[in-house]
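Everything numeric here is computed off the predicted structure, so don't read it as measured data. Just the heavy atoms: all of them, side chains too, but no hydrogens, waters or symmetry mates, feed the values below.
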Amino acid sequence: MEPETFTTPPVVSDDRSVHSCDEGPFGPYQPCVAAAPAPPPIPAVVDVEDLDWTAIRAAIEVARDRSEMRAPVEQLEKLFDQGGGPGMMFDADRSDANDRVIRVKDIPADSPVWIIGDLHGDLLALESALALIWRETGAGANPRIVFLGDFFDDHGYGLEVLIRVFRLVVERPGSICIVIGNHDEALQDTAAGFSATVSPSDFSDFLNDHLEDEWITRAGKLAVRMAAIGPRALIFPDGLLVTHGGFPLVDLHDELRESGAWNDPRCLSDFTWTRAHPRARKKMPNRTTRGSSFGYEDFAAFCALSAELGHPVTHMVRGHDHVDERYEIYPAYAENPVLTTVALSRQLPRELIGPYERVPTIARWISGALPEVHRLHVP
């Protein structure tokens with residue numbers, strides 16, 4: 001059965017001071033319908049085919065990455081150990097050291113922001129994304145990169161992706177932000193080794209198979225530390241919500257309205273674990289699982305709540321759902337647009353249909369609009 005069509009009821013105002021139809025040639029005052037704000041526009045998708053693919057291939061050397069991993073691991077450990085933490089992008093906007101839902105105060109217009117979704121060990125997609133970012137930014141500029149988490153699991157080169165991200169953070173911590181994904185959060189460091197509270201969890205198996213390797217083990221411990229302090233969501237000044245999964249579901253809204261406690265563990269879990277239903281109006285939250293879905297009226301309700309709380313959200317970019325085209329803009333969410341973007345150039349083992357080769361996507365932030373999707377056509 002087709003879902004019901006979502007319509008926003010007109011806003012009727014009796015405040016005669018703000019409307020111009022009080023008295024006129026057509027008779028006495030009648031209540032006016034206030035115009036609803038226009039949804040953020042959706043830029044055209046950009047297809048990228050002309051990167052230097054030879055240079056990208058040369059940048060991928062798994063043996064070299066493993067042999068040279070000691071330096072970035074040691075350097076990042078020092079950043080984490082220093083007073084005040086590593087000083088990554090938007091850390092200064094946290095309300096306190098434990099704030100995981102960061103209200104970003106300002107983004108300089110001359111500093112582009114790029115958003116890279118789920119990688120799951122896809123070193124080819126990561127290097128392709130970085131090549132595009134460096135090319136589009138130009139010499140001497142300082143691009144900012146927001147990762148939406150999920151660096152490992154689903155096979156691939158999880159360790160090498162982590163090391164590449166570690167290098168980026170070490171080289172330019174103030175230009176990198178890592179929004180934590182569910183696979184990052186699920187990785188745990190125990191006395192007996194590593195474990196994970198998600199499936200698939202082959203990266204924790206890989207770490208446990210290499211416990212005798214000091215630098216692989218220390219890299220795993222760094223990933224756990226990174227997930228412990230990393231943000232679960234960003235709210236940009238133009239109303240863009242940047243997160244891995246979604247937002248606090250409707251059963252938390254009344255409590256959130258009263259408390260304003262964005263960092264409640266249930267809220268943080270919803271930011272990280274919830275999934276977008278492409279067509280449903282509403283979905284019933286299920287607190288027995290971390291993978292509840294939301295519909296477009298659920299997101300509209302959260303947007304209204306966020307405005308009440310003084311941090312308005314109007315649109316969202318997220319990862320988490322491995323859509324076939326590696327990006328999706330859901331027509332049902334037209335009033336409050338949602339973009340899902342993942343940077344996966346291959347079919348994952350748990351994806352049972354479709355071609356092996358995929359077109360990874362990344363996105364570029366545009367103030368007041370849904371982020372601009374770039375499709376990377378890897379040969």
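- The closest donor-acceptor contact from the side chain of His244 to the backbone of Leu148 lies under 3.5 Å.
- Panel note: side chain Glu308, backbone Arg257; no donor-acceptor pair is recorded below 3.5 Å.
- Closest approach of Asp93 to Ile102, counting heavy atoms only: CB-CG2, 3.6 Å.
- Under a hydrophobic-cluster definition in which Ile, Leu, Val, Met, Phe, Trp and Tyr are linked whenever side-chain heavy atoms come within less than 4.5 Å, directly or via other members, Met316 and Tyr327 are assigned to different clusters.
- Applying the ring-ring contact (aromatic ring centres under 6.0 Å, His included) criterion to Phe90, with sequence neighbours excluded, gives Phe236.
- By the 4.5 Å heavy-atom criterion applied to side chains, Trp273 and Val198 are counted as neighbours.
- Side-chain atoms of Asp96 come within 3.5 Å of backbone N or O of Asn98 as a donor-acceptor pair.
- A salt bridge links Asp251 and Arg287; the closest N-O separation between the charged side-chain nitrogens and carboxylate oxygens is under 4.0 Å.
- Side chains of Arg318 and Thr243: a donor-acceptor N/O pair is absent below 3.5 angstrom, by distance only.
- Of the charged side-chain nitrogens involved, none lies within less than 4.0 Å of a carboxylate oxygen, so that Glu136 and Arg364 do not count as a salt-bridged pair.
- With hydrogens and angles ignored, the 3.5 Å screen pairs no side-chain donor or acceptor of His155 with any backbone N or O of Leu348.
- Counting heavy atoms from C-beta outward, Val317 and Leu370 have side chains that stay 4.5 Å or more apart.
- Using a 4.5 Å heavy-atom threshold, the side chains of Leu119 and Phe147 count as touching.
- Comment: Glu351 engages Arg326 in a salt bridge, judged by a side-chain N to carboxylate O separation of less than 4.0 angstrom.
- Put simply, the side chain of Asp298 gets close to the backbone of Lys283: a donor and an acceptor are under 3.5 Å apart.
- No donor-acceptor pair under 3.5 Å is formed between the side chain of Asp118 and the backbone N or O of Asp321.
- Across every non-hydrogen atom of Ala223 and Phe166, the tightest pair is N-CZ, 4.2 Å.
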Could you give the side-chain donor-acceptor pairs of residues 58-66 under 3.5 Å, partners two or more places apart or in another chain?
| residue | atom | partner | partner atom | Å |
| --- | --- | --- | --- | --- |
| Arg64 | NH2 | Ala59 | O | 2.7 |
| Arg66 | NE | Glu160 | OE2 | 2.5 |
| Arg66 | NH2 | Glu160 | OE2 | 3.4 |

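- Connection of Val45 to Leu132 is not established within any shared hydrophobic cluster, with ILVMFWY side chains joined at heavy-atom distances below 4.5 Å, either directly or through further cluster members.
- Between Pro248 and Phe271 there is a side-chain heavy-atom pair separated by less than 4.5 Å.
- Classified by interplanar angle (parallel below 30°, tilted 30° to 60°, perpendicular above 60°), the ring pair Tyr330/Tyr333 is tilted.
- Side chain of Asp270 to main chain of Leu249: a donor-acceptor pair is present (N/O by atom type, distance under 3.5 Å, no hydrogens or angles).
- Between Cys303 and Val313, the closest side-chain pair of non-hydrogen atoms falls below 4.5 Å.
- Using modelled atom types, one side-chain atom of Ser292 and one backbone atom of Asn286 make a donor-acceptor pair closer than 3.5 Å.
- Each of Leu162, Leu168, Val161 was scored for a side-chain contact (heavy atoms from CB on, under 4.5 Å) with Arg164, with one residue passing: Leu168.
- Evaluated for a side-chain hydrogen bond (donor to acceptor under 3.5 Å, both in side chains) with His183, the options Asp153, Asp154, Thr272 yield exactly one hit, Asp153.
- Residues Ser306 and Ile235 fail the side-chain proximity criterion, which asks for heavy atoms closer than 4.5 Å.
- Looking at Ser201, its side chain never comes within 3.5 Å of a backbone N or O of Ala196 through a donor-acceptor pair.
- Two residues are said to be in side-chain contact when any heavy atoms from C-beta on lie closer than 4.5 Å; Trp365 and Val146 fail this criterion.
- Arg375 has a carboxylate O that lies under 4.0 Å from a charged side-chain N of Asp47, or vice versa, which qualifies the two as a salt bridge.
- A 6.0 Å sphere centred on CZ of Phe194 holds more than 12 heavy atoms belonging to other residues, nucleotides or ligands.
- For the residue pair Leu211 and Ala192, the shortest heavy atom distance occurs at CD1-O, 4.1 Å.
- Pairs of residues two or more places apart, or lying in two chains, never qualify as salt bridge (Lys or Arg N to Asp or Glu O under 4.0 Å) while including a residue from residues 195-209.
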Scan the side chains in residues 224-232 for donor-acceptor partners under 3.5 Å anywhere in the protein, sequence neighbours excluded, and list what turns up.
| residue | atom | partner | partner atom | Å |
| --- | --- | --- | --- | --- |
| Arg225 | NH1 | Asp81 | OD1 | 3.3 |
| Arg225 | NH2 | Asp81 | OD1 | 2.9 |
| Arg232 | NE | Glu185 | OE1 | 3.3 |
| Arg232 | NH1 | Ala227 | O | 2.7 |
| Arg232 | NH1 | Gly230 | O | 2.7 |
| Arg232 | NH2 | Glu185 | OE1 | 3.1 |
| Arg232 | NH2 | Ala227 | O | 3.1 |

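- Using a 4.5 Å cut-off between side-chain heavy atoms of Ile, Leu, Val, Met, Phe, Trp and Tyr, with links allowed through other members, Val179 and Met88 fall into different hydrophobic clusters.
- Contact check for Asn142 versus Arg172: side-chain heavy atoms found under the 4.5 Å cut-off.
- Taking the six-membered ring for Trp and thresholds of 30 and 60 degrees, Trp262 and Phe302 have ring planes more than 60 degrees apart, a perpendicular arrangement.
- Of all heavy-atom pairs spanning Gln82 and Gly85, the tightest one is NE2-O, 2.8 Å.
- Linking ILVMFWY residues whenever their side-chain heavy atoms come closer than 4.5 Å, directly or via other members, leaves Leu240 and Val342 in distinct clusters.
- In this structure, Arg94 contributes its side chain and Asp99 its backbone to a donor-acceptor pair below 3.5 Å.
- Ring geometry, Phe247 versus Phe294: the interplanar angle falls from 30° to 60°, so the pair is classed tilted.
- Cluster partners of Tyr356, using a side-chain heavy-atom cutoff of under 4.5 Å among ILVMFWY residues and allowing indirect links: none.
- By the 6.0 Å contact criterion, CD on Gln188 is enclosed, its count of non-hydrogen atoms from other residues, nucleotides or ligands being greater than 12.
- Val101 and Met89 are not part of a single hydrophobic cluster, where members link through side-chain heavy atoms under 4.5 Å apart.
- The side chain to side chain donor-acceptor pair (under 3.5 Å) check on Glu214 picks up Arg218, with sequence neighbours excluded.
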